[in-house]
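Input: a single structure, listed below in structure tokens.
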Amino acid sequence: SPHSRGHVVFDKSPGLFVAPEDTAIELNPLLRLPKGLRRGYALLPPLLKVLSDRGHQNWESEAPRLQPHSRALRYMKRLYKMSATKEGIPKANKSHLYNTVRLFTPCSECKHRHKDLLKGDVHSVDLLFNLDRVTALEHLLKSVLLYSFDTSVPISSSITCMCHLFIKEHDFSSQVCPSISHSVAFSLHFEVRKRKWVEIDVTSFLQPLIATNRRNIHMAVNFTCLMGDPQQNTKLENPINVALVPPSLLLYLNDTSEQAYHRWNSLRHRRKNPVRPRQRNSLRIDPMGDKGKENSQGKRASRRR
Amino acid sequence: RDENLKEAPATPPHNLSEYFKQFLFPQNECELHNFRLSFSQLKWDRWIIAPHRYSPQYCKGDCPRVVGHRYGSPVHTMVQNIIYEKLDSSVPKPSCVPAEYRPLSVLTIEPDGSIVYKEYEDMIATKCTCR
């Protein structure tokens, strides 16, 4: 649009229009970008293709895309329904900060057992995530390891897992095996419900890596799962062979580029000419929106009313 | 007014309210029009998972000479009309364009197989203006 022409970003970070190298030449000069810019937005290159003279290009010629795991698709469709209306408009009552969520499935894994290390069955999974798609203008708010498991454990039983998470560093120059840079150990207790997803917040653990624009993250996860809940003094017993599908990595991001929807801008705009009473709660809201607090405040307001 | 009454109107109004409405709400004037598409029409449904339908809408219609507050147009719009009528007709008349938008959430599959949920700004026109 006219008002953005002056703002088109032409520096190293992917900007307003990103076109794959091969099509850039065919596009008219106004839309062409300097070489070396990476593909940034899934939506824009095809918009450009449709608009370019060769819009009639046959889409079949586009390189086939890797198909994501159906489980991952199911999770993201659920997230979509929670975040947007049927017409596809971001839900106004959602106070979350993120305007982008990316789900990565590990691109390689190797599974091996350590029989005598810990009590119970120890599973070890090697994970390598390639984060190339994250652009320079997408800032990390939260990262989660997303576990789904198919287990023969009956529903609504409690499981306690001891997990050990390692970050592996590759020193390509010395061709030595990857070394472990830092690790974290934690225990996880959860009830097996109908929807078998477990989210493990690893934001602080991955923050230093992602902040340094690391695009390949190599992790290893060891976990042992037992039935029972130590806090309720139930004895941990009969280790279960939980066949955990290797976790996906979920990144909640705030995209600061012009194309992305900036919820706060529209809120500020609305504040200038409020059409309905202001929200009482403060604006400091965590990236996921504070559902619990909202509810209690909602309740208090209704009680007061 | 008496004279008007004397002259027979070109089209005798069947009912007066319809007749006067055409002066209150001129026809073909700038307004928002519905337009709905499905990504499968653009062959994008292979990588756009949601939404299935997208209503971008569009603006179409004539811009009145004296735009006034109805469109929230800046004074410049009237000046441009004056330039077009009085000074240089090669300067285009003000156009009927979107003035406000709504965002759209899109769920897509990336070439590497990862999945991205992103909220895009200004994807649905909700209001038109002349400028």
Side-chain angles (χ1 to χ4, degrees), chain A residues 1-2 4 39 41-44 46-47 50 58-60 62-69 72-73 75-77 79-81 83-91 98-105 107 129-134 138 248-249 251-253 255 257-263 265-266, chain B residues 34-59 72 74 76-77 80 92 94-131:
Chain A
S1 66
S4 66
R39 180 192 292 260
Y41 295 99
L43 200 58
L44 292 184
L47 277 178
V50 171
N58 177 354
W59 287 105
E60 303 334 78
E62 192 185 295
R65 292 170 177 256
L66 294 175
Q67 281 309 302
H69 196 281
L73 263 179
Y75 183 86
M76 290 302 279
K77 280 180 182 174
L79 182 138
Y80 186 88
K81 279 189 186 133
S83 307
T85 64
K86 262 208 190 93
E87 291 76 39
I89 296 168
K91 284 183 178 172
Y98 61 86
N99 54 20
T100 301
V101 181
R102 290 186 177 277
L103 187 144
F104 297 90
T105 45
C107 43
F129 293 104
N130 177 300
L131 306 185
D132 258 350
R133 306 301 299 174
V134 180
E138 293 176 350
S248 303
L249 180 63
L251 300 184
Y252 291 87
L253 303 151
D255 184 346
S257 67
E258 275 200 25
Q259 300 74 40
Y261 173 48
H262 302 292
R263 189 173 293 276
N265 279 354
S266 57
Chain B
N34 274 335
F35 189 87
R36 196 174 169 131
L37 60 85
S38 73
F39 288 113
S40 53
Q41 286 168 289
L42 297 171
K43 293 208 186 82
W44 289 359
D45 52 333
R46 280 182 312 137
W47 50 275
I48 289 190
I49 306 169
H52 295 298
R53 295 194 172 288
Y54 167 35
S55 306
Q57 325 299 29
Y58 67 91
C59 294
H76 175 274
T77 309
Q80 187 162 337
S95 310
C96 173
V97 292
E100 275 180 23
Y101 295 93
R102 283 174 98 173
L104 179 73
S105 296
V106 182
L107 193 64
T108 51
I109 300 176
E110 297 272 51
D112 65 0
S114 63
I115 306 172
V116 60
Y117 163 89
K118 191 178 277 288
E119 298 170 349
Y120 288 96
E121 189 88 290
D122 301 340
M123 291 290 280
I124 300 171
T126 54
K127 200 176 168 194
C128 299
T129 184
C130 284
R131 49 177 58 194

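Sequence lines set the chain letters: A, B, ... in the order given, protein chains first and strands last, and positions in each chain run from 1.
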Practice prompt. Below 4.5 Å from any heavy atom of chain B, which atoms of A:Leu79 appear? Answer side chain, backbone, both or neither.
Written response: side chain
Item to complete: Measure distances from A:Lys77 to the heavy atoms of chain B and classify the residue's part below 4.5 Å as side chain, backbone, both or neither.
Response: both
Fill in: Under the side chain to side chain donor-acceptor pair (under 3.5 Å) test, residues paired with B:Gln57 that sit two or more places apart
B:Asn34
Discussion item. Between A:Leu253 and chain B, with a heavy-atom cut-off of 4.5 Å, which part of the residue counts as in contact: side chain, backbone, both or neither?
Written reply: neither
Practice prompt. Indicate the ring-plane relationship of A:Tyr98 and B:Tyr117, choosing parallel, tilted or perpendicular according to the 30° and 60° boundaries.
Written response: perpendicular
Worksheet item: A:Thr105: what forms a side chain to side chain donor-acceptor pair (under 3.5 Å) with it, not counting sequence neighbours?
Response: none
Practice prompt. Give a yes/no on whether the SG-to-SG distance for B:Cys59 versus B:Cys128 is below 2.5 Å.
Written response: yes
Practice prompt. Using non-hydrogen atoms and a 4.5 Å limit, figure out which bit of B:Leu107 sits close to chain A: side chain, backbone, both or neither.
Written response: both
